[in-house]
Number of protein chains: 2
Amino acid sequence: MLGAMQLAGNARPGDAVGNRSRRSSGRPTLADVASRAGVGTITVSRALRDPERVSSELRERIDAAITALGYVLNPNARALASARADVIGVLIPSLTNNVFAEVLRGIHDGLGDSALQIQFGNTHYSADEEERLLRVFLGQRPSALIVSGIDQLPATRRLLETAGCPVVQIMETGPNPIDMMVGFSHFDGGQQATEHMLQIGCRRIGFLGARMDPRSQRRLAGYRAAFRATGVFDELLVTTTPSPSSVSMGAYLFRQAISKAPGLDGVVCNNDDLALGVLFECNRQGISVPDRICIAGYNDLEMMAVAYPSLTSIRTPRYEVGRQAIAMIRAALAGDRPEQVIVDLGFELKVRESTTRQ
Amino acid sequence: MLGAMQLAGNARPGDAVGNRSRRSSGRPTLADVASRAGVGTITVSRALRDPERVSSELRERIDAAITALGYVLNPNARALASARADVIGVLIPSLTNNVFAEVLRGIHDGLGDSALQIQFGNTHYSADEEERLLRVFLGQRPSALIVSGIDQLPATRRLLETAGCPVVQIMETGPNPIDMMVGFSHFDGGQQATEHMLQIGCRRIGFLGARMDPRSQRRLAGYRAAFRATGVFDELLVTTTPSPSSVSMGAYLFRQAISKAPGLDGVVCNNDDLALGVLFECNRQGISVPDRICIAGYNDLEMMAVAYPSLTSIRTPRYEVGRQAIAMIRAALAGDRPEQVIVDLGFELKVRESTTRQ
DNA sequence: CAAAAAAATGGTAGCGCTACCAACATTTCT
DNA sequence: AGAAATGTTGGTAGCGCTACCATTTTTTTG
């Protein structure tokens, strides 16, 4: 087994680190670096955390010792001693969702060369699972927490409020932030897409929604609001399912919608996967897009602009949400908490061929 | 700031945990649980790790104390004391890639209710970044490591060999595993897709590839091999780019291919995004699929079956790779290392409308 | 130039847990 | 019956680091 190879592999002959006690990991420690550099352990610790506070001469000797020994700091020991881990806990509802994958990418990029690490948890769109994971995370005393949405359970909210670290709610904005917020309005997005369709002459606009998490619900609410102002609404126009979203689900929901809502001339979709499914189903049934059916998606994934016909969508700043969340956390950890604790990054309606009638 | 709220929030009045030293975190510790239950600390520790080894009477008293105090184990202290963290390091080349998102999902599901946590790193398809992240991970003495592919740098490989924990290379299989492997053959997949197209009568089959990481290279090699056996090959049929893959890149590469390789009658794509881009571009240019151009993708994402026409693809067991990797790790950690250290999960050619000519 | 302030460095005592050994209680064996 | 094996429990000494203070050195100030 590999287990046996560890000592053999790590014990460098001629090294200052000789025969240690059985409990030791065999790796060089801060004390090893200190004795090799001829300084106290605490000075090495300082040189690592805040090089400015150590004279340049000692700093050089310490750096040399670190590279000579191949020293790597033990984050567990640091976390234990300082009662604070350099970890940001991130709670995301789904992994297979492109949208959150891009948020995660933004988070990673925002970290840059900071020592912070990401620990992330997948809540599977379950508030209970979110609370369970949060408790696990809090046990590690994270430096900061990022949670998705604004609909935490009351108990979860209390946990977050007393977490003792910066907390950022992402993907949405709302009135009562736990601490900070970065997102955009899903209601407005749903409304704007629908208004656009009404404007180009659609009258019987359906709404297709899968999963129907709180953000989807708000998009649907925006859709309804657009009708209140302008059009004639009919409950049969709304077709939703609690099942997860997918391209095939888009095709399925469209088939349902078209059979129960006669005269349908457009669909606003919960997200881009559904919209793509609708497009394929229209192609398959020989329904012309946009002449007979207009289509709008949500999120503006990369494929939307390439599709034929290209698909109208609401461009959401997913990557930017991740970056901004980290920027706010880093500012807060550095001591200068942003005075703007609710950041609305907005969205943009991208009008394309699927809603362009001449 | 929230920092100030922590003590206020966590100090439950009337709690056994009273005025602790300033350094303490304020949370109940193992010792608090032990004294409340009237047992030694080590017994609580055992009750937590291996309940079977503690009498049922003490176990109940300990459980009661844990819930009464709201005790949460400090993983950093555990990791420090046992020189081993309950963490599995996962190194993945991309986050925005659906394929790896599903592997990650499989990994998470495979974990089930075990105490293991995932720490994952994004290598951005860079071997140097992979090595850097690996060093960071090794500093935490993970319980196991999962790395993508089989093309690690020699130094990275050495680090993994001496990591002293189970290591699983995923997504590919090959001759010299560092420790264990779960994957499938990309060469065979590329070859099989190409052979299928030759079989249905295509003669001038192009290969479109983006990113061209090692796995893509092997798919391309399989494509070439298929020609060696049957068809007449022409280097102009291959169109690749080091840029990341995307649907628009598929459309772009197809435009290139069709202009430089006259008589093109089919394309084998590196992955499904490219294939979808090709389909859209064909639609846009009025090129009939499959009558004039046949299309095959790779991975068989969910949308492939729904597209119109539906798209042929190689179904790869991504989710299963993640699950299997964890299963092997759990077995190894439990002491019974699987005797089958290289697991080939295979793939399946899904023939659909885009390569069906009557 | 002495006194005060600031900067640089070190010693020591934990952080909360587990490895290791020891002690005792209980069962099984000869 | 006593001896040996097994099971259960606890004490103690760290794991590798940082907080807190003490000490020494350097700089600034009146």
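Convention: sequence-line order gives letters A, B, ...; per-chain numbering from 1.
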Item to check | Interatomic distance where CG belongs to Leu73(B) and P belongs to dC17(C) [whole Å] | outcome: 5 Å
Checklist entry - In whole Å, what is the span from the CG atom of Asp32(B) to the C1' atom of dC17(C)? => result 13 Å
Got a list of side-chain donor-acceptor pairs under 3.5 Å for residues 150-157 of chain A, not counting sequence neighbours?
from      : atom 1 : to        : atom 2 : distance (Å)
Asp151(A) : OD2    : Arg218(A) : NH2    : 2.5
Gln152(A) : OE1    : Gln169(A) : NE2    : 3.1
Gln152(A) : NE2    : Ser148(A) : O      : 3.4
Gln152(A) : NE2    : Gly149(A) : O      : 3.1
Thr156(A) : OG1    : Glu131(A) : OE1    : 3.1
Arg157(A) : NE     : Glu161(A) : OE2    : 3.2
Arg157(A) : NH1    : Asn176(A) : O      : 3.2
Arg157(A) : NH2    : Asn176(A) : O      : 2.9

Next on the checklist: Distance check needed: dC15(C) P versus Asn74(B) CG, whole Å only.
Outcome noted: 12 Å
Checklist entry - Got a sec, which pairs hit salt bridge (charged side-chain N to carboxylate O under 4.0 Å, His left out) with one end in residues 66-75 of chain A, sequence neighbours left out? => result none
Item to check | Pair Asp179(B) + Arg337(B): basic N to acidic O under 4.0 Å | outcome: yes
Item to check | Candidates dA19(C), dG16(D), dC17(C) - which lies nearest the side chain of Ala81(B) | outcome: dC17(C)
Checklist entry - Looking at Leu133(B), Leu159(B), Leu160(B), which one forms a side chain to side chain contact (heavy atoms under 4.5 Å, CB included) with Leu138(B)? => result Leu159(B)
Checklist entry - If you check the Ala77(B) side chain, which of dG16(C), dT18(D), dT18(C) turns out closest? => result dG16(C)
Next on the checklist: If the threshold is 4.0 Å, N to carboxylate O, is there a salt bridge linking Asp86(A) and Arg78(A)?
Outcome noted: yes
Checklist outcome for this item: Leu80(B) CG to dG14(C) C1', in whole Å, measures 12 Å
Next on the checklist: Rounding to an integer number of Å, can you tell me how far Ile66(B) CD1 sits from dC17(C) C1'?
Outcome noted: 14 Å
Checklist entry - Is Ser45(A) close to Leu48(A) at the side-chain level, that is, under 4.5 Å between some pair of heavy atoms? => result no
Which protein N or O atoms sit under 3.5 Å from an N or O of nucleotides 6-9 of chain D?
from   : atom 1 : to       : atom 2 : distance (Å)
dT9(D) : OP1    : Ser55(B) : OG     : 2.7
dT9(D) : OP2    : Ser55(B) : N      : 2.9

Item to check | Qualifying ring-ring contact (aromatic ring centres under 6.0 Å, His included) pairs with a residue from residues 103-144 of chain B, counting only residues at least two apart or across chains | outcome: His108(A)-Phe120(B), Phe120(A)-His108(B), Phe120(A)-Phe120(B)
Checklist entry - Within less than 4.0 Å of OP1 or OP2 of dA19(C), is there a side-chain N or O belonging to Arg49(B)? => result yes
What pairs of donor and acceptor atoms, side-chain ones from residues 69-77 of chain B against any protein atom, are under 3.5 angstrom apart with sequence neighbours left out?
from     : atom 1 : to       : atom 2 : distance (Å)
Asn74(B) : OD1    : Asn76(B) : N      : 2.8
Asn74(B) : OD1    : Ala77(B) : N      : 3.1

Next on the checklist: Less than 4.0 angstrom from a charged side-chain N to a carboxylate O is my criterion; do Arg132(B) and Glu129(B) meet it?
Outcome noted: yes
Next on the checklist: Taking 4.0 Å as the cut-off, does a side-chain nitrogen or oxygen of Ser45(B) come that near to OP1 or OP2 on dT18(C)?
Outcome noted: yes
Item to check | Rounded distance (Å) that lies between atom P of dG16(C) and atom CG of Asn76(B) | outcome: 11 Å
Next on the checklist: Rounding to an integer number of Å, can you tell me how far Arg141(B) CZ sits from dC17(D) P?
Outcome noted: 11 Å
Next on the checklist: Angle between the two end axes of the helix from dC1(C)-dG30(D) to dT30(C)-dA1(D), five base pairs per end, rounded to 10 degrees?
Outcome noted: 30°
